[in-house]
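Before any comments, here is the structure.
Note that this is a predicted model, so its numbers are computed, not measured.
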Amino acid sequence: MAETEFDVIVIGAGPGGYVAAIRAAQLGLKTACVESRETLGGTCLNVGCIPSKALLHASELFEEANHGTLAKWGVKVGNVELDLETMHGGRREAVKGLTGGIEFLFRKNKVTWLKGLGRFTSPNSIDVAGTEYRAKNIVIATGSSVTPLPGVEIDQERIVDSTGALELPKVPNHLVVIGGGVIGLELGSVWRRLGAKVTVVEYLDQILPGMDGEVRKEAAKIFKKQGFELRTSTKVTKAERSGEGVTLTVEPAKGGAAETIEADVVLVAIGRRPNTEGLGLEAAGVKLNNRGQIEVDHDFCTGVPGVYAIGDVTPGPMLAHKAEDEGVAVADILAGHVGIINHDVIPSVVYTYPEIAAVGRTEEDLRAEGVDIKVGKFPMLGNSRAKTNRDAEGFVKVIADARSDRVLGVHIIASVAGTMIAQAAQAMEFGATSEDIAYTCHAHPTHSEAMKEAAMAVTGLPIHI
Ligand code: FAD
Ligand code: NAI
């Protein structure tokens, strides 16, 4: 007889759900996790963070060899050839290893995997594949899926979403990306490096919405230099398969004359929306907000006692590490401990080349709110390591409160921005001032010294510029 009574049932085994389940089990709660995919790990491990980073890494290696970066350092590689199938093999191997790793962790921590779709039958019971399971507490961690674009039907062959774009069997001649956000620029980078012409069609007047204004401008400059064609303030009204390709109809976002663009492959990447359909939320009494998200309080409770929600299905940035941290916090709360997330300090990274990273507030938002701020900026060109490595594009920008000097935001474009931002997040978590960062000894020569110099620039006294 299958066990049907648990202390906690988590629905969804993505970074939010699998982490919540493991932590709950570690804390002595009898825990099950429902997942309908063949493998654990959710969007992130199966079709998101991990496979995209595998291809970003591999395509960067290819470009370094193919475009002469290695040769300029005296590393001659002869005829550079792309073996796309081997590259895809590397991606699949990374996914297999990591999703299998979560299965191992479930067994190790005695988390029961309930295979199938979970659907509420009451606030404390769910149906999975025809069996009813009950729990004192149920955590919804069902994540998100691609937002569809009316008039552009995804067939995963010529018109793909991010999942299809990870698996293209050949390099398209012309890839058109709809949406100049994180997915568009990361996956656009992969296929551009492998030889595609890439056009990004973005509805707004700039790419990367939500990021700091100077970062958005500098990023656009860098991407254009790399060969991206950026069509901002443009909307797609139709995409039709035509012969071997796709004909896109576009027009100015504010309205105007339509024109067409021919593409081999079109990637739709205009955002993601929460997964709540078919979850039986009415039976649980859980309501959605007007963006289709599940609102929660400080303790991740949905307002229905015993029903919690975390990760992409709730408001906030759709990021794996946000979901994971919420997973730990909700499990801590369910086990009677304190579980806290500081939603003001969640770093984000775009894994293009160079990388783009941010934590905290943007200059525009702070100024719009009338906050008195000081800004320190330091170009990577003034950083000895970046200059030596010939990867000196970008800058570090530190924004501090003018009166208290407390750091309110850090924005970076640099080859290793994703690694550098951790320091800024930790500093902000500890309430650091720009002076605290400026007077912390940073190892030389490292890219991180640019953070110290940007902090020194807040008071106008950087050394190396
Ligand atoms: P998900 O990972 O979406 O997991 C939810 C799981 O629930 C899924 O496996 C789904 O099958 C399952 N599920 C849904 N409904 C049910 C049900 N009724 N019953 C049973 N199971 C159900 N974020 C980063 O931080 N860094 C990155 O580099 C990054 N790269 C990305 C690249 C791409 C191409 C994409 C698409 C996303 C990327 N993200 C990245 C975002 C990241 O993947 C998500 O923020 C993260 O996966 C959210 O975790 P989650 O646990 O909330 O949901
Ligand atoms: P996004 O929100 O980052 O970007 C979508 C872009 O599409 C925006 O620039 C938006 O203005 C534009 N857009 C919307 N409608 C449009 C239309 N009709 N025509 C043209 N442009 C339109 O969403 P994206 O890139 O799909 O990513 C989804 C989520 O996945 C993001 O929230 C992100 O947090 C997460 N993700 C995170 C990654 C990371 O952390 N490195 C990598 C990939 C995804």
Glu35 side-chain N/O to Leu40 backbone N/O, donor-acceptor pair under 3.5 Å: no
Residue of the set Leu55, Asn66, Leu61, Leu56 for which side-chain contact (heavy atoms from CB on, under 4.5 Å) holds with Arg193: Leu56
Check: Thr232 main-chain N/O paired with Glu202 side-chain donor or acceptor under 3.5 Å: no
Enclosure of His442 NE2 (heavy-atom neighbours >12, cutoff 6.0 Å): yes
Residues in side-chain contact (heavy atoms from CB on, under 4.5 Å) contact with Thr69, at least two apart in sequence or another chain: Glu64
Electrostatic pair Lys287:Glu295 at N-O distance under 4.0 angstrom: no
Shortest non-hydrogen contact from Thr31 toward Ala25: OG1-N, 3.6 Å
Any side-chain donor near an acceptor of the partner, Asp205 and Ser233, under 3.5 Å: no
Under 3.5 Å: donor-acceptor pair, side chain of Lys377, backbone of Lys397: no
ring-ring contact (aromatic ring centres under 6.0 Å, His included) contacts in which one or both residues fall within residues 380-404, not counting sequence neighbours: none
Crowding at NE2, His464 (>12 non-hydrogen neighbours, <6.0 Å): no
Shortest non-hydrogen separation from Ser434 to Val407 and the atoms involved: N-CG2, 3.6 Å
Summary of ring-ring contact (aromatic ring centres under 6.0 Å, His included) pairs that have at least one residue in residues 182-231, sequence neighbours excluded: Phe223-Phe228
Sidechain N-carboxylate O distance under 4.0 Å for Lys217, Glu214: no
Distance-minimising heavy-atom pair for Asp332 and Arg23: OD1-NH1, 3.3 Å
Residues, nucleotides or ligands: over 12 heavy atoms within 6.0 Å of Glu364 CD: yes
Shortest non-hydrogen contact from Pro209 toward Arg216: CA-NH2, 3.5 Å
Whether over 12 other heavy atoms sit under 6.0 Å from Glu435 CD: no
Arg406 atom CZ: more than 12 heavy-atom contacts under 6.0 Å: no
Carboxylate-amine/guanidinium proximity below 4.0 Å for Lys235 and Glu251: yes
Neighbour count >12 (heavy atoms, 6.0 Å) for atom CD, Glu369: yes
For the student: nearest non-hydrogen atoms of Ile294 and Leu288, plus distance: CG1-CD2, 3.7 Å
Any side-chain donor near an acceptor of the partner, Ser415 and Asp391, under 3.5 Å: yes
Other residues, nucleotides, ligands: >12 heavy atoms within 6.0 Å of Gln426 CD: no
